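Below is one structure, written out as structure tokens; the observations come after it.
All of these numbers come straight from a predicted model, not from anything done at the bench.
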Amino acid sequence: MRRYGKHTDEDDIRSRPNRKGNRPRTNIRPKHEDAAEGMVLTVDRGRLTCLVDDMPIVAMKARELGRKAAVVGDRVALVGDLSGKKDTLARIVRIEERTSLLRRTADDDDPYERVVVANADQLAIVTALADPEPRPRLIDRCLVAAYDGGLEPLLVMTKSDLAPPDKLLELYGDLDIPYVVTSREELENGDAADRVREHLDGKITAFVGHSGVGKTTLVNALVPQDRRRTTGRVNAVTGRGRHTTTSALALPLTGANGWVVDTPGVRSFGLAHIDPSRVIHAFPDLEPGTEGCPRACSHDEPDCALDEWVAEGHADPARLYSLRRLLATRESKEGD
């Protein structure tokens with residue numbers, strides 16, 4: 001049935017009013033060229049604390065970013081109220097290109113990828129020499145994630161007053177990883193913090209470790225003006241500790257130019273997102289030998305060209321063993 005007669009004009013046609021009173025939607029988004037630059041320090045239930053011109057600003061992600069999430073360490077562009085006053089809220093309108101990305105999954109068969117920190121230069125893997133016992137497979141997994149994400153690894157061993165570091169150092173000696181050995185007494189008097197700080201100067205360093213290894217205690221020694229709770233205990237039966245850090249937080253390094261990112265303690269470090277073919281990039285002495293490998297070579301099969309490369313004296317056999325041990329971490333349980 002015709003709603004209007006034969007002869008109608010625009011005045012006869014009724015248009016539905018815009019009850020919301022907002023402007024029509026458009027695909028053209030503002031460029032925000034005058035947006036302020038900042039760094040994400042922590043994320044808490046959709047609110048992000050960012051550092052802008054040495055001032056902490058609370059912000060939220062703009063709708064135009066869609067599903068793209070900002071994480072600790074991200075360089076972002078902000079608009080809105082940048083006064084930093086109480087109850088003010090700015091908007092993050094752009095996330096700048098990342099230079100590195102530390103990621104993990106809950107398990108090796110978990111497709112959901114968790115971003116731990118962005119733009120970090122270094123990953124400090126903290127492990128206790130006793131109470132709880134070292135977990136080499138977890139360390140290996142953290143190393144693989146660091147190499148894949150573009151971070152340099154640093155091994156920090158705590159509680160050397162309870163056990164010597166020799167066995168663990170022998171296990172990782174062929175990887176040429178810088179390391180620091182600390183004890184409880186050295187943490188209390190500041191000597192350990194000074195030695196660790198030498199490796200952190202001028203860098204953004206993410207700290208990761210199994211619960212109960214003393215990671216947060218170490219961070220408190222490095223950043224004493226912003227102490228985090230360290231009341232966790234190690235379970236005598238399971239050997240596991242309680243989480244004392246519940247969210248990642250970037251803190252300015254005391255006594256040096258750099259940043260410390262304290263992350264929650266982990267009990268697993270899944271590598272479902274890791275492409276094993278990228279791990280070889282962390283072994284520049286072995287990488288040229290892969291030119292003769294068959295397509296999609298796992299570097300741990302009979303036709304792998306690395307065996308001949310090493311046999312000809314181009315690289316140390318221990319380095320090839322270390323590479324294959326790291327690649328095997330996806331097939332091994334972390335508690336081994």
Are [X] and [Y] connected, step by step, through hydrophobic side chains (Ile, Leu, Val, Met, Phe, Trp, Tyr) whose heavy atoms are closer than 4.5 Å?
X: Tyr147; Y: Leu101; answer: no
X: Leu171; Y: Leu169; answer: yes
X: Leu65; Y: Val58; answer: no
X: Ile95; Y: Val93; answer: no
X: Val144; Y: Leu168; answer: yes

Aromatic plane relationship, His314 with Trp309 - under 30° parallel, 30 to 60° tilted, over 60° perpendicular: parallel
Would you call Lys159 and Pro132 a side-chain contact if the rule is heavy atoms closer than 4.5 Å? yes
Side chain proximity check, Thr290 to Leu306, heavy atoms < 4.5 angstrom: yes
To the nearest 0.5 Å, tell me how far Ile204 CD1 sits from Leu151 CG. 10.0 Å
Spell out, as yes or no, whether a donor-acceptor pair under 3.5 Å connects the side chain of [X] to the backbone of [Y].
X: Thr158; Y: Val213; result: yes
X: Asp53; Y: Met55; result: no
X: Lys215; Y: Pro264; result: no
X: Ser100; Y: Ala118; result: no
X: Arg135; Y: Thr127; result: no

Output all residues satisfying ring pair (Phe, Tyr, Trp, His ring centres under 6.0 Å) with His281, sequence neighbours left out; order by chain, then residue number. none
Could you list the donor-acceptor pairs under 3.5 angstrom formed by side chains in residues 249-261, with sequence neighbours left out?
| residue | atom | partner | partner atom | Å |
| --- | --- | --- | --- | --- |
| Thr254 | OG1 | Leu222 | O | 3.4 |
| Thr254 | OG1 | Gln225 | OE1 | 2.7 |
| Thr254 | OG1 | Gln225 | NE2 | 3.3 |

Please list, chain by chain and in numerical order, all residues satisfying side-chain contact (heavy atoms from CB on, under 4.5 Å) with [X], sequence neighbours excluded.
X: Ser183; value: Ser160, Asp161, Glu185, Glu186
X: Pro317; value: Val310
X: Lys203; value: Asp121, Gln122, Thr205

Compile the donor-acceptor pairs under 3.5 Å between side chains in residues 37-52 and protein atoms, sequence neighbours left out, one pair per line.
| residue | atom | partner | partner atom | Å |
| --- | --- | --- | --- | --- |
| Thr42 | OG1 | Ala248 | O | 2.9 |

Mind checking what makes salt bridge (Lys or Arg N to Asp or Glu O under 4.0 Å) contact with [X], not counting sequence neighbours?
X: Asp201; result: none
X: Asp285; result: Arg319
X: Glu287; result: none

Exercise answer: donor-acceptor pairs, residues 71-89 side-chain atoms, under 3.5 Å, sequence neighbours excluded:
| residue | atom | partner | partner atom | Å |
| --- | --- | --- | --- | --- |
| Asp74 | OD1 | Arg98 | NE | 2.8 |
| Asp74 | OD2 | Val71 | N | 2.8 |
| Asp74 | OD2 | Arg98 | NH2 | 2.8 |
| Asp81 | OD1 | Ser83 | N | 3.0 |
| Asp81 | OD1 | Ser83 | OG | 2.7 |
| Ser83 | OG | Lys85 | N | 3.3 |
| Thr88 | OG1 | Lys85 | O | 2.6 |

For Tyr179, does the OH atom have more than 12 heavy-atom neighbours from other residues, nucleotides or ligands under 6.0 Å away? no
Verify the neighbour count for atom CD of Glu301: are there more than 12 heavy atoms of other residues, nucleotides or ligands below 6.0 Å? yes
Can you list the other members of the hydrophobic cluster that holds Tyr321, where links are side-chain heavy atoms under 4.5 angstrom apart? none
Please collect all salt bridge (charged side-chain N to carboxylate O under 4.0 Å, His left out) contacts where either partner lies in residues 306-315, sequence neighbours excluded, each pair once. Asp307-Arg324
